[in-house]
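Below, chains carry the letters A, B, ... as their sequence lines are ordered, and counting in each starts from 1. Every value quoted in this text rests on a predicted model; they were computed, and no experiment measured them.
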2 protein chains.
Amino acid sequence: MELDDRKVKILKAVIKTYLETGEPVGSRTISKYTDLSLSSATIRNEMADLEELGYIIQPHTSAGRIPTDKGYRLYVDDMMKQKAKELDDREIQVNDREKELDSMRDVLSEKVDRVEELLQNVAKVLAKDTNYATMITTPQVKGNKLKFVQLSQLEANKLLAVIVMDGNMIRNKVITVSEEISQENMLKLNILLNTSLTGLTLEQMNMSIISKMENQAGEHTQIIKEVLDAIVETISNADNLKIYTSGATNIFKYPELSDSSKASELIYALEEKQSLSGLVKEDEDQLDEDSDDNHGIQVYIGNETPVESMKDCSVVTATYELQDGMKGTIGIIGPKRMDYDKVVGTLKTIRSQLDDVFKKT
Amino acid sequence: MELDDRKVKILKAVIKTYLETGEPVGSRTISKYTDLSLSSATIRNEMADLEELGYIIQPHTSAGRIPTDKGYRLYVDDMMKQKAKELDDREIQVNDREKELDSMRDVLSEKVDRVEELLQNVAKVLAKDTNYATMITTPQVKGNKLKFVQLSQLEANKLLAVIVMDGNMIRNKVITVSEEISQENMLKLNILLNTSLTGLTLEQMNMSIISKMENQAGEHTQIIKEVLDAIVETISNADNLKIYTSGATNIFKYPELSDSSKASELIYALEEKQSLSGLVKEDEDQLDEDSDDNHGIQVYIGNETPVESMKDCSVVTATYELQDGMKGTIGIIGPKRMDYDKVVGTLKTIRSQLDDVFKKT
DNA sequence: ATTAGCACTCCACTTTATTGAGTGCTAACA
DNA sequence: TGTTAGCACTCAATAAAGTGGAGTGCTAAT
């Protein structure tokens, strides 16, 4: 059996209606809803075919149809193709959407000095705007280089190391050393550290530490060792993936997700965040598939999602990118019958606004 | 009618049984459970009295009794009195509990450099251990003084200010200035900042800023102004209350809290955190009431809690204190029928372990 | 190929037992 | 006077039975 044009039209109508109502869709509804002007009986025949083809399913014998994952897939793929074509209209579209996104822009342009807060705000605003759960990761770098280190004395045997990486990622570390250190030696240590480490990536650092240390084996070997250890540890922690979530309770707005056990599992995943890292795309090898403008937007439907606890949901992710190649992921988690169209649009807008903000900073 | 000794005994038995089972408690159960050796009929009479006195209530005519808030209150107050007397046994008690708290100690003694992570871990471990939702705030200071500031050049017109407060609270701030600054002037600026600001609290700083600025009105007035603004802003943000939560999904373990709307409201409060700040005790004027050992532990039952969304829960909070007078709050949120005894004990242990960790750091 | 018509299915909802835990009350008892 | 056995009564919870309606599949006519 073939999936002819009319079948597709009916399928889309079924899905669209189901997205709106959340109720199984009957033949009569479609007959009236579409401009196909076909009787419900004809629709019924076509729907039977569509069911046989695996695009829709009946929850029980005498009910209407709801989309299967396969059905959603077709719908979403088609929509994405549409979106990609809309490239020209984008300006207008963005302008249109800007009205509803005013609050978003306001929050984003607020003076938030810390990336953390910014990201949390983005997650929050997105959640509020879409009524789905959201997540956002810190930007990730591959081989970030050390810009400079600055050691200063905090207390008798406590040092403060300020570590600045390329892209102005800054980390502090309080180092407790075993022996006191003179002002003069501090200065020396600072110079030593900067001359030998600046411009190195973490991997390069690990390689060179040993040799450097042996070279410098002077009276303060112990301190140098402690300081180096601390710095290496801090840097390796620095690009640890951090994930912020928001709007977990939005899932209670969708009955199909809000029964106790499902909700608990989902919210747990959002709280623990651990498992969400599966949503971060490792490689950008999907280029060929996601053509043009949709580049970096990924829709997971039901079982497609890499996160086990979200197999009853759909997840849409977008990759945002900072000027210096740092990449992060934004994700929206909702019921399978989410408003894919709106979500994809919002994600695109947010992403471009994020770019703006980061460029301005 | 008086609340005689026997009534109290029966009341406690009812509550204890209810805490364990979560089911309304009938007279027959009590008759067998206690060592009072009274028939169920007698218990029934007493229970009728207790109901009239407002300590217990029937969910419906032919059901057993469950405690009212007033009943819980009496039970908890008594328990706290007991706990206070147990001062001598505490050592032993702690030793006993230590077995189950091994994991807690492990996590706490881990090398976590950032207070944030430590607190998050505490919340997490507490939640896992108690099976309730937990929260913990960052330590708060009244008038924290500036230890030193260190300005360094990041890029052409971006400066990095590292701000260290007493108690080694460290903040970074990237300051974008309107004009470039020479290495030499940077040094001057550093000295100026430290000589004029070190040792001052935020309030004092606000006072002195204007005058200092006018004194120094040289070629770099603009930069000085920008830097000062940034520093003041950062410091005032620094002691913003931060709240970490964990174990929100634990509430699904208690049927009385896990219906969709209640759960949603509760989890929302835990996610938003905003409202939780009501649990932080402003003043320590409760000293007289909470005698001895229970100092700093506060039990809120049902409507007693300051957080609106938790009126169906009980909340137990403890104040922890760092050596330098910084105080934070730990909170446990669970059903009214929570295991108060265990919770109070665990909170005390955690608190003392927190003290240890902070002293060691 | 399309459609009107009709018998059939099955969920969702309401109504009507049925059960059993637990009470309140009374009368007897120490 | 306090305690207790006994019994009638209540009421949630569960099961069983009945009803309505939305929607289907099939057939026969167009």
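Looking at Asp69(A) and Lys336(A), a side-chain N of the basic residue comes within less than 4.0 Å of a carboxylate O on the acidic one, giving a salt bridge. With respect to Asp77(A) and Arg73(A), a salt bridge is recorded, a charged nitrogen being found less than 4.0 Å from a carboxylate O. Under the 4.0 Å criterion applied to side-chain N and carboxylate O atoms, Lys262(B) and Glu256(B) are not assigned as salt-bridge partners. The pair Glu272(B)-Lys124(A) counts as a salt bridge, with a side-chain nitrogen and a carboxylate oxygen less than 4.0 angstrom apart.
Remark: C1' of dT2(C) and NZ of Lys7(A) are 14 Å apart, rounded to the nearest angstrom. Look at CD on Glu23(B): it is 12 Å from P on dA21(C), rounded to the nearest Å. For Gln58(B) and dA21(C), the CD to P distance is 16 Å, given to the nearest whole Å. The CD-P distance, from Glu51(B) to dG22(C), rounds to 15 Å in whole Å. In this entry the distance linking CD1 of Ile66(B) with C1' of dT23(C) reads 16 Å, nearest Å. The distance from atom CG of Leu50(B) to atom C1' of dG22(C) is 17 Å, rounded to the nearest whole Å. For the pair Asp4(B) CG and dG2(D) C1', the interatomic distance rounds to 12 Å; values are reported in whole Å.
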Steps toward side-chain contact (heavy atoms from CB on, under 4.5 Å) verdict (Ile330(A), Thr317(A)): CA-CA 5 Å; Ile330(A) 316 175; Thr317(A) 64; over 6 Å; no

Show your working on salt bridge (charged side-chain N to carboxylate O under 4.0 Å, His left out) between Glu304(A) and Lys311(A) and close with a plain yes or no. CA-CA 7 Å; Glu304(A) 297 171 6; Lys311(A) 59 185 188 307; over 6 Å; no

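A close approach under 4.0 Å does not occur between any side-chain nitrogen or oxygen of Arg28(A) and OP1 or OP2 of dA4(C). An OP1 or OP2 oxygen of dG22(C) is reached within less than 4.0 angstrom by no side-chain nitrogen or oxygen of Arg65(B).
Although no hydrogens or angles enter the test, the distance criterion places a donor-acceptor pair under 3.5 Å between the side chain of Thr68(B) and the main chain of Gly54(B).
Minimum heavy-atom separation, Ile297(B) to Val316(B): CG2-CG1, 4.1 Å.
Within residues 32-49 of chain A, the residues that place at least one heavy atom under 4.0 Å from DNA chain D are, in residue-number order, Arg44(A), Met47(A).
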A correct 5'-to-3' footprint of nucleotides 8-18 of chain D, with B, S and - meaning base, sugar-phosphate only and no protein heavy atom under 4.0 Å, is --BBS------

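Checked against a 6.0 Å centroid threshold, the rings of Tyr268(B) and Phe252(A) do not count as neighbours.
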